[in-house]
Amino acid sequence: MDSELNSLEDSTVFGWFDWVSIILYFLSLCIIAIKVARNQEEHVKSGRSKHETEAYFLAEKSVPWWAVGASLFASNIGTEHFIGLA
């Protein structure tokens, strides 16, 4: 019993590799966030952001009605519907 407890305690201790991995992850996350924020500021200053946002959310108004309808229908079907029908 004690050997199982000791092996469990050893497996839950963070080593140097774990700490380095976590630090590198958060550091890279911060670098990416700063680059995206700077890029966003450039778009806002140039006036391009409104057009790009509208084009993204409306798909430049090039999606046919049946594709939008199928997407809405598919997104409303979830596990609740299948459980409710059972």
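Bear in mind that the values here come from a model prediction, so they are computed numbers and not experimental data.
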Show me the donor-acceptor pairs within less than 3.5 Å that the side chains of residues 18-27 make with the rest of the protein, sequence neighbours left out.
| unit_1 | atom_1 | unit_2 | atom_2 | d |
| --- | --- | --- | --- | --- |
| D18 | OD2 | G15 | N | 3.0 |
| S21 | OG | F17 | O | 2.8 |

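Grouped with I32 in one hydrophobic cluster are V36, the linkage being side-chain heavy-atom contacts under 4.5 Å among Ile, Leu, Val, Met, Phe, Trp and Tyr residues. Hydrophobic cluster of W65: the remaining members, joined at side-chain heavy-atom separations below 4.5 Å, are W66, listed by chain and number. Cluster partners of L72 are V63, V68, counting Ile, Leu, Val, Met, Phe, Trp and Tyr whose side-chain heavy atoms approach within less than 4.5 Å, directly or via other members.
With hydrogens and angles ignored, the 3.5 Å screen pairs no side-chain donor or acceptor of S71 with any backbone N or O of A67.
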